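Predicted model only: the values in this text are computed from it and were never measured.
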Amino acid sequence: MVGPASYGIVTRPPAAGVVGLFCQSAAAAVTLTATLERRGLGVSSLVSAGHRADVSGNDLMQYWQEDPATEVVCLYLESIGNPRKFSRIARRLAAVKPVVVVIAGRSGQVVPPGHAVRATHAPRRLLDEMLRQSGVIRAANTHQLMDVAQVLAHQPLPAGNRVGILAGAPAAAGLVVAASSDFLPPGASDDEIARTVDALYAPGACDVVVVVDVPVVLPRTGVVARAVAQAAARTGRTTVASMLGLHGMPDELAATAPDGRLVRIPAFSTPEDAVTALGKVVEHARWRTEDHGSHVRPEGVDARRARRLVESWLGDEDTTRALDQDQAAALLACYGLDLWRSRQVRTPDEAVAAADELGWPVALKSASSALRHRTDLGGVRLDIADAAELRDDVARMRGVASSVLGETDPVFEVQRMAPVGVACVVRSAEDLLFGPLVSFGLAGDATELLDDVAYGVPPLTDVDVAGMVRTIRAAPRLFGYGGTPPVDVDALEDLLARVSVMADDLPELASLELYPVVVAESGVSVLHASARLRPAARRQDALRRALPG
């Protein structure tokens with residue numbers, strides 16, 4: 001069943017071709033069908049699903065992966081009802097067939113009327129990260145969706161990003177100018193045109209070609225179009241064109257390849273459109289050749305014990321439960337993560353006794369969430385070496401707690417000093433729409449204020465984890481910025497991998513925050529953990545196919 005609120009009866013079907021097109025909006029489907037006809041772009045199948053009572057985009061992607069008539073997949077989405085399943089299916093499909101996606105609005109943030117989509121509290125840019133992780137080509141609008149589709153449908157994937165130019169200069173969209181001809185003079189002879197085109201398509205000259213031909217003095221004779229079409233068909237080099245009066249897949253830019261195939265060069269209204277579409281195709285071709293890694297499987301994980309602990313702590317309660325530090329340490333230990341011990345104290349004598357037990361030197365921290373990480377407000381004292389200094393620091397911090405928070409009997413934490421390193425924050429959360437999410441950033445107000453945070457949707461690969469560490473803007477601090485020694489990034493990536501597996505395993509884990517995580521020159525130290533459990537909301541990405549309720 002397709003719909004409700006779908007296209008309905010197609011009275012004038014589009015021409016046959018290699019593009020599989022999925023559309024939720026009936027109005028957009030009407031517009032795209034007209035666009036297909038205007039551009040001369042054919043489809044293998046066109047499905048307008050409306051509110052997706054049964055057939056979804058995920059279903060169609062699985063079908064198109066096995067459909068020999070479909071070579072390019074295009075999706076116009078108003079919402080994504082099952083992002084985790086979408087991510088897995090799209091990633092598998094994009095490895096063999098390009099997937100181009102345009103999203104109306106921001107999926108899950110504004111749900112169109114009639115769409116049964118769960119609410120999400122995830123940041124808006126998580127959708128961008130999920131699409132990037134899936135390997136799909138993101139189009140800004142339906143115009144760009146069709147631009148990219150016509151390149152993919154009629155041109156081969158390029159071998160690189162070196163662009164040869166016949167007139168114009170598209171030094172943008174990630175393209176590197178490697179071979180460029182001079183402008184063809186008005187009234188250039190057929191021989192001059194042939195020599196120029198042959199040089200542009202010479203072996204090794206470039207990877208892709210952009211042709212811009214806008215006659216100013218004399219009318220176009222068609223010689224340039226024929227020469228370019230024949231050269232592109234002969235060499236198999238990816239080519240796009242912007243030529244006055246030509247749009248879509250014109251016959252003037254078609255030629256027969258040596259194997260008998262008819263090759264068409266897509267024509268664009270503007271050089272900017274041509275270059276933007278070509279840049280996205282080049283980026284996708286690069287993604288195809290990259291190593292995407294394998295799903296992380298850290299050693300020393302005891303998921304069964306973690307499941308028993310979670311079930312024993314939740315019991316039959318239907319409420320959210322915060323774990324204490326001992327419980328958090330036990331849960332983290334199931335995934336090979338060591339939470340540093342700390343002791344809560346109120347008096348100087350208790351603080352000294354805790355330091356004797358844990359080992360000197362120690363750190364003294366306010367247990368209040370408003371002060372526990374605020375060195376600037378006096379909520380943290382570090383590298384305390386003896387009892388006299390510790391007693392004095394407890395007295396000073398009692399004064400801070402009284403003046404700042406109005407506390408008369410404040411609680412503090414004593415903890416052995418960790419090795420010097422870079423402080424980081426690792427979090428996970430269970431979102432109703434996206435399921436488990438993992439985030440990473442460096443500790444500090446600047447990270448929060450500037451939103452310098454990387455996100456991942458488990459299950460993650462080792463390449464995904466490495467990318468999370470390296471994509472934040474402050475990442476150079478981990479690799480020796482300003483002459484400081486580089487820290488143990490391998491240990492940090494291992495920790496991120498273990499948290500992602502934990503989040504994937506335990507839908508009851510409503511949230512987890514490891515802060516601070518100190519990454520030293522050797523090893524990583526988890527100094528504090530906050531975790532909350534709640535009864536598991538049923539994740540919607542099970543292998544069993546089910547209709548929405």
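For Gln65 and Lys97, the side-chain atoms include no donor-acceptor pair closer than 3.5 Å. Donor-acceptor pairing under 3.5 Å is recorded for the side chains of Asp505 and Tyr335. Residues Ser134 and Ser87 bring a donor and an acceptor atom of their side chains to less than 3.5 Å of each other.
Taking each heavy atom of Ala94 and Arg288 in turn, the nearest pair found is O-NE, 2.9 Å. Minimum heavy-atom separation, Arg125 to Tyr455: NH2-CE1, 3.5 Å.
Under the 4.0 Å criterion applied to side-chain N and carboxylate O atoms, Glu299 and Arg498 are not assigned as salt-bridge partners. Salt bridge Arg391/Asp386: absent, no basic N to carboxylate O contact under 4.0 Å.
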> Can you list the steps and then say if Glu448 with Arg427 is a salt bridge (charged side-chain N to carboxylate O under 4.0 Å, His left out)?
Replying inline: CA-CA 13 Å; Glu448 303 292 338; Arg427 297 186 176 101; 3.2 Å; yes
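Val47 meets the side chain to side chain contact (heavy atoms under 4.5 Å, CB included) test with Val2, Phe22, Leu60; sequence neighbours excluded. Not counting sequence neighbours, Asp326 has no partner by the salt bridge (charged side-chain N to carboxylate O under 4.0 Å, His left out) test. Applying the side chain to side chain contact (heavy atoms under 4.5 Å, CB included) test to Ser366 and every residue at least two apart in sequence or in another chain returns Ser368, Leu371, Met397.
Between the side chain of Arg307 and the main chain of Ala303, no donor-acceptor pair closer than 3.5 Å is present.
Checked against the 6.0 Å centroid threshold, His528 and Trp340 do not count as a close aromatic pair.
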